[in-house]
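Data block below; observations after.
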Number of protein chains: 2
Amino acid sequence: MPEKENLTYLPNPEATELLPQLTLDCTVLGFHQDQLRVLLLRWKGTQEWSLPGGPVRQTESVDEAAYRILKERTGLDQIYLQQFEVFGEVIRYNLSEIKNKLEHLIDPALWYNRAVSIGYYALVEYSKVNPAPDLYTDECQWWEIKDLPALLFDHNKIIEAALKALRRQLNWQPVGINLLPEKFTMPELQRLYEAILNRPLDPRNFHRKILSLNILERLTERRKGGAFKSPYLYRFNKEKYEAALEEGNLSFI
Amino acid sequence: MPEKENLTYLPNPEATELLPQLTLDCTVLGFHQDQLRVLLLRWKGTQEWSLPGGPVRQTESVDEAAYRILKERTGLDQIYLQQFEVFGEVIRYNLSEIKNKLEHLIDPALWYNRAVSIGYYALVEYSKVNPAPDLYTDECQWWEIKDLPALLFDHNKIIEAALKALRRQLNWQPVGINLLPEKFTMPELQRLYEAILNRPLDPRNFHRKILSLNILERLTERRKGGAFKSPYLYRFNKEKYEAALEEGNLSFI
DNA sequence: TTTCAATACGTCAAAATAACACAATAATAT
DNA sequence: ATATTATTGTGTTATTTTGACGTATTGAAA
């Protein structure tokens, strides 16, 4: 009994403001003190953390919903967003456990038995983010990616998948313009790549490789104040960076 | 006004059998006569074509729904499936046009104003597929990817996106075990890669590159009957192929 | 002034790649 | 039979890229 796209079955859910049984979850990644960090929310009256996210309104696209949610949690417009996976299992996590843990906030009868979640990752400049909790949470905080607690829902799994997708992206598209400040040093960029790939890189080879992409401009300025030799400051050439994003660097053969 | 995952808003749509306002679309790709082909359905009493797809049942995961739909349209179990993008625009296509074109099949009042679609591509062995139309269509047929008609919904766009995703995959994962028969020749594999990448490859360099992946086994057998020199037959080493799929071949640096 | 480790720049052998030459083959034409 | 022909299989070469290092420079701190 094949069913077709857009075909309505009663009762009509479009009477509601939100797309039913569909949510999105955002893995917001920032880089600070040589560490990749993710933005998490702590639910009121609990020590339970989870990713920012929520349902999609009937009047907005899924991408727009992600932007809206991120704007609310970070204060930022113009975030780099990437949809990477749909989490569509019938049973994604222990729902009754969730109901119990949050029953002081949400009537257990109000939860869907099932929701499909669209996974996004966002790359943001750590220092520009103004973490803001929402109605159900009273803390919005950065966590080191290497030192996460057990999260609510299947959010540990989602973060793992986001990192995997980001690592994949790194191999054919540049990464960095969204995670670093305007000006940065080569060692800072290297440590970002090391944090994402989770392995050390040879500074000399990294330097050569990243310059060969032709997306960086070296300034005459240097970063003062650190111990030892002052490194040059660089910035991304926006046009060339965008072009590299567009083209990608794919060549099986 | 942040809203949380799984939180129900009345009326409860879970009373229905299907996830509301959510569908999936499958770009089923096969390879025949040096051409990449896609499986399309023609709607009854029309010359209108579209991709196989449909809604997700409450009792199945999104992936399971895709497998079910593909089983129905191709007769195949164990299809290689890849979720590649969510199409979540509020207005994805001209709905009233669709309503008009299909009103002899579906009451225009029954269409959702909006549905989010999860895009999959499937790689199948052309000769093993038994194309079968569904309740609303009376033809299920292969079309050359290079010579597609204007499709219903946003399905031309979805196919384009599927091809882009497949080309991307080609650069870090092997492709072929799902699209070719058990035994195949090197030129056949090359023409598959050429069809996907849409550009000619040097046979000598292709030969060297693909063998370096260590996923192929050359048989003593040769393909007889063609004009000119008989090419060797190869088959994929399943274990090594799976391992290559798992690992991927990614190395920015 | 010396120390020290991070930074900047460079070297070299090995591996991978792109471009191309050429021999072997097997049905077809002669 | 023999020659023809386009495809297939193998090899060569120059160039580029990569991986693994060496070393000089820098500038705060000792």
Side-chain angles (χ1 to χ4, degrees), chain A residues 33-35 170-174 176 180 183-195 197-235 244 247-253, chain B residues 33-34 170-174 176 180-181 183-195 197-235 244 247-253:
Chain A
Q33 289 179 339
D34 297 353
Q35 298 293 325
L170 199 60
N171 287 279
W172 64 283
Q173 283 183 322
L180 292 174
K183 299 174 182 179
F184 53 88
T185 68
M186 192 58 79
E188 283 162 5
L189 182 58
Q190 180 184 333
R191 285 192 285 270
L192 170 61
Y193 271 69
E194 289 177 330
L197 293 173
N198 197 28
R199 61 183 167 89
L201 300 174
D202 181 284
R204 296 153 291 190
N205 293 340
F206 178 79
H207 183 268
R208 182 181 50 192
K209 177 69 176 182
I210 204 83
L211 283 185
S212 76
L213 300 182
N214 257 313
I215 53 175
L216 287 180
E217 287 170 1
R218 196 176 82 173
L219 309 177
T220 47
E221 233 177 315
R222 285 156 174 263
R223 164 96 66 227
K224 303 285 184 184
F228 315 123
K229 186 171 182 175
S230 303
Y232 282 105
L233 286 172
Y234 289 81
R235 70 169 162 230
E247 284 181 47
N249 183 18
L250 289 175
S251 61
F252 167 74
I253 196 170
Chain B
Q33 289 179 338
D34 296 352
L170 199 59
N171 286 279
W172 65 284
Q173 283 183 322
L180 292 174
K183 299 174 183 180
F184 52 89
T185 68
M186 193 58 80
E188 283 162 5
L189 182 58
Q190 181 184 334
R191 285 193 286 271
L192 169 61
Y193 270 70
E194 289 177 330
L197 294 172
N198 197 29
R199 61 183 168 89
L201 300 174
D202 182 284
R204 296 153 291 190
N205 292 340
F206 178 79
H207 182 269
R208 173 160 41 86
K209 177 69 175 182
I210 204 83
L211 283 185
S212 77
L213 300 182
N214 257 314
I215 53 174
L216 286 180
E217 286 170 359
R218 195 174 83 172
L219 310 178
T220 47
E221 234 178 315
R222 286 157 174 261
R223 164 95 67 229
K224 303 285 184 183
F228 316 124
K229 184 170 183 175
S230 302
Y232 282 103
L233 286 172
Y234 288 82
R235 70 170 161 229
E247 284 183 47
N249 182 17
L250 288 175
S251 63
F252 167 74
I253 196 170

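Computed from heavy atoms alone, side chains included, the values below leave out hydrogens, waters and symmetry copies. Labels below follow one simple rule: chain letters A, B, ... track the order of the sequence lines, proteins then strands, and each chain is numbered from 1.
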task: For A/Tyr234, check ring pair (Phe, Tyr, Trp, His ring centres under 6.0 Å) against everything at least two apart and list the hits.
output: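 Counting only residues at least two positions away or on another chain, A/Tyr234 forms no ring pair (Phe, Tyr, Trp, His ring centres under 6.0 Å).
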message: Reading DNA chain D from 5' onward, which residue's closest nucleotide shows up sooner: B/Arg208 or B/Tyr232?
response: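 Here B/Tyr232 is the residue nearer the 5' end.
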Quick one: list whatever passes side chain to side chain contact (heavy atoms under 4.5 Å, CB included) with [X], sequence neighbours left out.
| X | value |
| --- | --- |
| B/Arg235 | B/Glu182, B/Glu217, B/Leu219 |
| B/Glu188 | B/Phe184, B/Thr185, B/Arg191, B/Arg223 |
| A/Asp202 | A/Arg204, A/Asn205 |
| B/Gln190 | B/Glu194, B/Leu201, B/Pro203, B/Phe206 |

In whole Å, I'd like the distance from the [atom1] atom of [X] to the [atom2] atom of [N].
| X | N | atom1 | atom2 | value |
| --- | --- | --- | --- | --- |
| B/Asp34 | D/dT7 | CG | P | 11 Å |
| A/Leu201 | D/dG19 | CG | P | 10 Å |
| B/Asn249 | D/dT18 | CG | C1' | 14 Å |

- prompt: Which residues pass the side chain to side chain donor-acceptor pair (under 3.5 Å) test with B/Lys209, sequence neighbours left out?
  reply: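 Partners of B/Lys209 under the side chain to side chain donor-acceptor pair (under 3.5 Å) test: none.
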query: Residues in side chain to side chain donor-acceptor pair (under 3.5 Å) with A/Gln35, at least two apart?
result: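 Applying side chain to side chain donor-acceptor pair (under 3.5 Å) to A/Gln35 gives none.
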task: Could you encode protein contacts along nucleotides 22-30 of chain D as a string, one character per nucleotide from 5' to 3', using B for base contact, S for sugar-phosphate-only contact and - for no contact, with a heavy-atom cut-off of under 4.0 Å?
output: B--BBBS--
Sub-4.5 Å side-chain heavy-atom contact between A/Phe252 and B/Tyr193: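 SC-SC contact between A/Phe252 and B/Tyr193 confirmed.
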- prompt: Going 5' to 3' on DNA chain C, which nucleotide is the first and which the last to come under 4.0 Å of a heavy atom in chain B?
  reply: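 From 5' to 3', the first and last contacting nucleotides are C/dT17 to C/dA27.
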task: Identify the two heavy atoms, one from B/Ala244 and one from B/Ile215, that lie closest to each other, and give their separation to 0.1 Å.
output: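 It is CB-CG2, 3.9 Å.
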- prompt: For B/Asp34 and B/Ala195, which heavy atoms make the closest approach, and how far apart are they?
  reply: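 So the minimum-distance heavy-atom pair works out to O-CB, 4.1 Å.
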query: Using a heavy-atom distance cut-off of less than 4.0 Å, which residues of residues 184-195 of chain A contact DNA chain D?
result: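 Nothing qualifies; none.
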field: Positions of residues 211-219 of chain A (non-hydrogen atom under 4.0 Å from DNA chain D), listed by number
entry: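 Those residues whose heavy atoms fall under 4.0 Å from DNA chain D, taken from residues 211-219 of chain A, amount to none.
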task: Check whether any side-chain nitrogen or oxygen of A/Lys209 sits under 4.0 Å from OP1 or OP2 of D/dT17, and answer yes or no.
output: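 Result: no.
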- request: For residues 224-233 of chain A, pull every pair meeting side chain to side chain donor-acceptor pair (under 3.5 Å), keeping only residues two or more places apart or in separate chains.
  value: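 Found A/Arg222-A/Tyr232.
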